[in-house]
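Taking it in order: structure first as structure tokens, then the write-up.
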Amino acid sequence: MSEAEKRPTNFIRQIIDADLESGKHSSVQTRFPPEPNGFLHIGHAKAICLNFGIAQDYQGLCNLRFDDTNPEKEDIDYVHSIEADVKWLGFEWSGETRYSSQYFDKLHGFAVELIEKGLAYVCFLTGDEAREYRGSLKAPGKNSPHRDSSVEDNLALFDKMKNGEFKEGECVLRAKIDMTSSFMCLRDPILYRVRFAHHHQTGDKWCIYPMYDFTHCLSDAIEGVTHSLCTLEFQDNRRLYDWVLENVSIDVIPHQYESSRLNLEYTVMSKRKLHTLVEEKLVNGWDDPRMPTIAAFRRRGYTPGSLREFTKRIGVTKMDNTVEMGVLEACIREDLNDNAPRAMAVLDPIKLVIENYPAGQVEELNVKNHPSDDEQGTRIVPFAAELYIEAEDFREEANKKYKRLVLDKAVRLRGAYVVTATRCDKDSEGNVTTVYGNYNADTLGKNPEDGTKPKGVIHWVAAEQSIDAEIRLYDRLFNVPNPAAEEDFHRVMNEGSLITISHAKVEPSLVNAKPEQAFQFERQGYFCRDNKDSQGDKLVFNRTVGLRDTWAKMDN
RNA sequence: AGGGGUAUAGCCAAGCGGUAAGGCAGCUGGUUUUGAUCCAGUCAUUCAGAGGUUCAAAUCCUCUUACCCCUGCCA
């Protein structure tokens with residue numbers, strides 16, 4: 001793992017360093033607490049790397065805990081996808097997978113304790129009434145008429161709630177804190193609500209479910225979490241987090257620290273918007289390679305190490321930020337440049353006929369799999385008189401800057417010979433269909449004797465021996481850097497975010513490509529075999545990212 | 001009648017009273033059988049703004065400005 005060299009420094013690690021040094025803690029316990037109501041995205045990858053990374057570096061432990069307090073929105077399928085994503089990213093959680101729902105009995109006990117202390121009450125205000133009583137950001141709220149019910153009554157009422165004697169929405173359990181607090185979350189927040197819903201873990205055992213603010217802090221404490229890391233929007237909630245822990249009989253006191261969420265240019269990160277993309281079939285599922293989900297990055301060809309490196313490079317702070325795609329792309333290019341074997345694929349083929357090459361002859365050329373890493377070996381690439389080359393790699397005439405095949409000029413065929421174009425055929429629309437030329441037989445693995453070294457190198461495949469493949473070219477999902485700021489993101493979707501090339505020609509060695517196996521198609525970019533639609537002998541490759549292309553920039 | 005946060009280059013981000021790290025992007029050259037990679041060089045006299053303290057301020061103080069979050073029986 002290349003990211004092992006130097007540890008990142010950030011304000012959270014500084015806090016941990018201080019806590020360890022002061023003796024406040026002797027070990028570190030973190031947790032990654034997703035709600036199983038959707039697929040994990042790259043923002044979660046940041047949280048995963050933060051929590052698991054800290055546990056690793058401090059010889060601590062990190063739990064995987066599903067925050068499953070809202071059965072109506074959650075699903076066991078999401079539990080499985082999330083577990084798979086965390087593992088794939090390369091992390092191992094401490095012990096078994098945990099669920100907040102495991103603690104429902106304990107949580108219920110703490111709720112009863114609060115009632116007994118006169119710190120919680122059952123409230124029968126309707127939603128509308130409660131909103132009115134809550135006041136506003138600038139005006140204090142007022143006390144619920146049920147706020148001063150006796151402890152005995154509240155105990156009995158809460159028991160009836162638990163026993164299903166109240167309808168959904170009829171009443172809730174609330175903490176008795178302060179209806180005039182400037183922290184809205186301290187204006188007698190709801191602790192429990194009634195929901196007659198089947199839960200994926202607890203089945204039909206409960207008809208009351210605890211709210212996040214009550215559950216999270218207690219779950220952290222129960223698990224002995226020392227540093228509870230979350231995102232900035234929970235800063236106010238920290239007051240409630242601390243209130244609950246202070247008012248309940250529990251000895252471990254975790255502390256919550258907040259850092260900013262990740263925003264990435266040209267995509268959306270909110271679960272709601274991602275759900276919309278999937279539900280409206282604007283993409284082909286959660287793992288559509290255009291999505292910012294972990295499953296999608298995986299399918300697209302991003303490696304776990306590249307995602308880990310990315311989270312390391314972007315850092316951890318409290319500043320709102322929007323990271324450029326270029327950072328992510330640099331990470332995967334760096335990984336794949338070193339590790340992906342090279343291959344040749346022609347996406348937009350035209351024929352190149354070498355007229356002085358013996359008809360019918362096929363040479364098996366040995367070509368290096370990596371230009372500078374000999375350990376990666378060689379492969380056999382067939383060469384024959386009829387080849388395919390990229391349409392854009394030939395021009396009848398061109399200026400000196402164009403370093404590819406031009407009439408009467410020479411070019412190097414990658415890993416093979418130097419050829420010179422002599423003439424070409426065109427179709428009725430003027431498009432070149434076939435280029436004719438001659439090759440220099442004495443240029444295999446060496447430059448021409450006459451010192452005329454060609455400027456350019458182009459890729460190719462042997463026409464007869466090549467195989468067909470479908471190649472999917474992906475681009476950003478949106479045309480604007482911040483689609484989330486748009487009134488309606490549908491209007492800024494990139495129509496060209498997926499281009500499917502159904503009959504690309506690829507070199508025969510690629511039949512052996514395994515799902516998710518990465519290659520660099522020379523001069524094109526990094527590709528991997530699709531892990532879903534590429535079954536049997538059907539070959540589908542996804543473009544992970546293109547090569548850095550300074551020529552394209554000059555061309556503009 | 002508000003409260004909680006954040007401001008350092010195009011984008012991230014170190015810095016924690018001693019004279020602005022690093023990465024990405026960009027720009028210049030060099031190598032190259034990938035217009036890739038790689039290599040060398042370059043890229044903030046200034047830290048949201050204005051005052052103040054100090055021999056010395058991005059760091060401390062005061063005021064101002066901008067942006068984000070908070071009024072779900074979501075998390």
Side-chain angles (χ1 to χ4, degrees), chain A residues 8-10 14 33-35 37 67 69-70 72-73 123 125-127 130-132 134-141 168-174 180-187 190-195 209 211-213 215-216 230-239 258 260 265 271-272 312-331 333-334 337-338 342 344 367-368 370-372 401-404 411-416 418 443 445-447 453-459 481 520-525 546-555:
Chain A
T9 168
N10 58 53
Q14 289 174 346
E35 184 189 15
N37 67 346
D67 225 326
T69 56
N70 188 0
E72 290 171 323
K73 288 190 178 166
C123 181
L125 250 29
T126 65
R131 196 172 310 120
E132 211 178 302
R134 193 152 39 225
S136 73
L137 294 180
K138 296 190 176 180
E168 287 187 10
E170 195 174 351
C171 58
V172 293
L173 181 72
R174 292 226 251 166
T180 69
S181 175
S182 51
F183 293 104
M184 296 302 288
C185 66
L186 255 26
R187 319 249 263 228
I190 294 174
L191 267 21
Y192 270 91
R193 75 284 216 188
V194 178
R195 284 289 176 278
Y209 289 95
M211 299 289 287
Y212 165 84
D213 286 303
T215 308
H216 202 88
C230 66
T231 42
L232 252 27
E233 65 271 26
F234 291 100
Q235 287 173 119
D236 286 0
N237 299 247
R238 187 176 67 243
R239 280 69 184 188
E258 311 87 11
S260 49
E265 283 191 341
K271 267 189 189 171
R272 201 191 128 270
K312 196 172 101 180
R313 289 188 189 186
I314 59 176
V316 176
T317 68
K318 301 175 85 154
M319 296 192 257
D320 289 333
N321 63 84
T322 304
V323 177
E324 294 175 341
M325 278 286 188
V327 181
L328 233 192
E329 292 175 347
C331 293
R333 285 195 184 107
E334 184 177 288
N337 177 53
D338 288 344
R342 314 285 119 131
M344 290 194 282
V367 180
K368 289 169 75 172
H370 192 281
S372 55
K401 280 185 171 179
Y402 186 81
K403 305 202 298 184
R404 310 178 190 184
V411 78
R412 160 73 66 179
L413 294 176
R414 178 67 162 159
V418 171
T443 52
K446 58 183 185 181
N447 287 320
K453 182 184 169 187
K455 266 188 312 189
V457 181
I458 64 174
H459 59 277
Q520 183 198 102
F521 290 170
E522 296 215 39
R523 303 209 308 130
Q524 299 277 2
L547 253 29
R548 204 163 147 272
D549 192 353
T550 47
W551 163 249
K553 282 173 195 155
M554 291 170 61
D555 221 19

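Quick caveat: nothing in here was measured; it's all calculated off a predicted structure. Lettering follows sequence order; numbering is per chain, from 1.
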Is the phosphate of [N] approached by [X] (side-chain N or O, under 4.0 Å from OP1 or OP2)?
X	N	value
A:Arg131	B:G72	yes
A:Arg193	B:A75	yes
A:Arg412	B:U32	no
A:Lys401	B:G35	no
A:Gln524	B:G35	no
A:Thr69	B:A75	yes

Audit row: A:Asn447, A:Arg412, side-chain contact (heavy atoms from CB on, under 4.5 Å) steps and yes/no | CA-CA 9 Å; A:Asn447 287 320; A:Arg412 160 73 66 179; 3.8 Å; yes

Record whether the side chain of [X] comes under 3.5 Å of the base of [N] through a donor-acceptor pair of N or O atoms.
X	N	value
A:Glu258	B:G5	no
A:Arg523	B:U34	no
A:Asp236	B:G3	yes
A:Glu329	B:C24	no
A:Arg238	B:G4	no
A:Arg187	B:U71	no

Over all strands shown, is [X] touching base, sugar-phosphate only, or nothing at heavy-atom distances under 4.0 angstrom?
X	result
A:Gly456	nothing
A:Leu125	base
A:Arg414	base
A:Arg333	nothing
A:Val367	nothing

A:Leu328 or A:Thr317: which one's nearest nucleotide on RNA chain B is closer to the 5' end?
->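 Nearer the 5' end of the strand: A:Thr317.
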
Residue among A:Val172, A:Thr215, A:Leu173 satisfying side-chain contact (heavy atoms from CB on, under 4.5 Å) with A:Leu191 | A:Leu173

Report the base-pairing partner of B:C38 (Watson-Crick or G-U wobble, both distances below 3.5 angstrom), or none.
-> B:G30

Just compare B:C11, B:C74, B:G35 and give me whichever is closest to any side-chain atom of A:Asn70.
-> B:C74

For atom OH of A:Tyr192 and atom P of B:A75, their distance in whole Å = 12 Å

Is any side-chain heavy atom of A:Gln520 closer than 4.5 Å to a side-chain heavy atom of A:Glu522?
-> yes

